[in-house]
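One structure below.
If you're wondering where the values come from, they're calculated on a predicted model, not measured in any experiment. Below, chain A is the first sequence line, B the second, and so on; all start at residue 1.
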2 protein chains.
Amino acid sequence: MAGRRLEPSPSTLHSPSAHPAPPLADFKVGVDNTIFAFDGDRQTLLVLLVKRRSDPFAGQWSLPGTLVRVGESLEAAAYRVLREKVQVHNAYLEQLYTFGGPDRDPREAADSFGIRYLSVSYFALVRHGDASPANGDGHGDGSSDGDSALIRWHPFTNLPPLAFDHDRIVRYGHQRLRNKLEYSPIAFDVLPETFTLSDLYRLYQIVLGDQFSDYSNFRTRLLKLGFLCDTGSKAHRGAGRPASLYRFDAKAFEPLRDRPLVFV
Amino acid sequence: MAGRRLEPSPSTLHSPSAHPAPPLADFKVGVDNTIFAFDGDRQTLLVLLVKRRSDPFAGQWSLPGTLVRVGESLEAAAYRVLREKVQVHNAYLEQLYTFGGPDRDPREAADSFGIRYLSVSYFALVRHGDASPANGDGHGDGSSDGDSALIRWHPFTNLPPLAFDHDRIVRYGHQRLRNKLEYSPIAFDVLPETFTLSDLYRLYQIVLGDQFSDYSNFRTRLLKLGFLCDTGSKAHRGAGRPASLYRFDAKAFEPLRDRPLVFV
DNA sequence: TCAAAAGTGTTACGCTTACACCCATGA
DNA sequence: TCATGGGTGTAAGCGTAACACTTTTGA
């Protein structure tokens, strides 16, 4: 996962193999998506899960995924999953990591049918408002847990045990989310089109934890950066002074792209 | 490569396919390593390349790679390449990215023999002193370009055209090198065990460019961080005051792990 | 009129920047 | 003794952290 400085077992280190090399492995390639959303009202980070029906790990929750088809690119497969599982019109997608496959240690679980499964995982962000699970009730609060509810948002802090090595993938995805949040504007792919500064702040708090700068400092720094434009309208939410609604200005952000900009 | 906010073509967006889904693709999985080293004497960043003998792109340079065998994990395959191509005892290795395969766009280059090739690329760092190409003359200066010289170090600034989509992989690897250099101690995986502060500075200069802090400021910041310990011995290199030799102290670095530490 | 939430201001401190300058060696 | 490269010091200034304070709303 992370880089390693380890060496493989010394026994195999310098053996100029006299015996013929083992045959090449045959693969099916799967794509598994870690899809995050943020529920601003309940202030929860959500992950999309699918309840498996078919054989391996049937009845257990897993990441939405698929096997790559003939003529289909990896990314296309990832988008296909996204379309099939959540009815979403706008999404951020990037490749996460490639895992050896469902059989974690290929030497132990000898290829059952002569093929191995490889999982190329993708990391996706969608807006909770725009994205509803294709077969669920759209809220994933677990209140109506009928048999038809196969696709659901789950709060990241309370995930069920997952099939395959999907726990690992989700953890890795969350790590990516944390990292990217600090120096790229992905927050605006999870927040609604227009949002208040405290919405933004709370998102950061929830994902990055409470080791955080003051709200007022956060506020001033972000406004000074200049890529948040005030829409003029206000958000009235119960008691308290109404908050200004902002919009992310991609044009104004351009000059700051891939520069050490830190939101912390 | 980087994340995308694009949507796939709208024509395929909401089609609840009435026709049966295409069959699953069969894959062979390859591992391609971008192996970097740093020649301190000549002050050059090096990439290990292999001259291909066999059919696709024969005679052209490519990244050292292999196909994954039965019972072999991805990482094990990457290590195998490392062992086979460079005689190295210590290396940093991490996964880079997974590319769709030699046929960039699978829809155009229809599967020639019913199988597709997937390339999981790895990023590796070795010490130039400890690592010599398994069949080259060990220096890769291109002076003795005989037929036996199949594995060679090439200066990053002057790479030949590469087979497959390996140019892309190398560029991506270089990007990773730049990023990691800024906030992780990978410099010490490329430098020799003991090094001078100007060695370190020059490495940063070469990889990150000249948009750089002063040497003296770089120096003070790094020493203040406290994970470089003075070995006591000096490096005498021609004229000029001899430089202190330092060693990276992994123990002392621990508390700084994955924190916003910036070397810039 | 009070609590809740948004927004403003202020001050101290630390780190970066941009230099100028001193030290040790080989030729 | 001079050129070369290594190493030290310092003063200005910017950015951040911590916290106090004001404003605007709903109840």
**Prompt:** Do any N or O atoms from the side chain of A:Thr231 and from the backbone of A:Leu245 form a donor-acceptor pair under 3.5 angstrom?
**Reply:** yes

**Request:** Quick one: sort the B:Tyr204 and B:Phe212 rings into parallel, tilted or perpendicular, breaks at 30° and 60°.
**Result:** tilted

**Message:** Applying a 4.0 Å non-hydrogen cut-off, can you work out what B:Ser216 is touching in the nucleic acid: base, sugar-phosphate, or nothing?
**Reply:** base

**Item:** Whole angstrom value for the distance that separates P of D:dG26 from NE2 of A:His236
**Value:** 7 Å

**Prompt:** Taking atom P of D:dG5 as reference, at what distance in whole Å does atom CG of B:Leu197 sit?
**Reply:** 17 Å

**Asked** Looking only at side-chain N and O atoms, does A:Arg219 come under 4.0 Å of OP1 or OP2 in C:dT8?
**Response** yes

**Request:** Name every residue in residues 239-249 of chain A that has at least one heavy atom under 4.0 Å from any atom of DNA chain D, in order of residue number, or write none if there are no such residues.
**Result:** A:Ala239, A:Gly240, A:Arg241, A:Pro242

**Asked** At under 4.0 Å between heavy atoms, what does B:Thr220 touch on the DNA or RNA strands: base, sugar-phosphate, or nothing?
**Response** nothing

**Prompt:** Taking atom C1' of C:dA6 as reference, at what distance in whole Å does atom CZ of A:Phe195 sit?
**Reply:** 16 Å

**Value in whole Å for how far the C1' atom of D:dT8 lies from CZ of B:Phe218** = 17 Å

**Request:** Report yes if a side-chain nitrogen or oxygen of B:Tyr215 is closer than 4.0 Å to either non-bridging phosphate oxygen (OP1 or OP2) of D:dG7; otherwise report no.
**Result:** yes

**Request:** Look at the rings of A:Trp61 and A:His154 and say which category their plane angle falls in: under 30° parallel, 30 to 60° tilted, over 60° perpendicular.
**Result:** perpendicular

**Request:** Let me know the distance between CG of B:Asp214 and P of D:dG7, rounded to the nearest Å.
**Result:** 14 Å

**Fill in**
Per atom distances to the A:Ser198 side chain, the nearest of C:dA6, D:dA17, C:dT17 is C:dA6

**Fill in**
When every non-hydrogen atom of A:Trp153 is compared with those of A:Val86, the smallest separation belongs to CZ2-CG1, 4.2 Å

**Asked** So, B:Thr220 and B:Asn217: side-chain donor and acceptor under 3.5 Å apart, yes or no?
**Response** no

**Item:** Distance in angstrom units between B:Lys224 NZ and C:dT16 C1', rounded
**Value:** 9 Å

**Asked** Side chain of B:Asp167, backbone of B:Pro161: donor and acceptor closer than 3.5 Å?
**Response** no

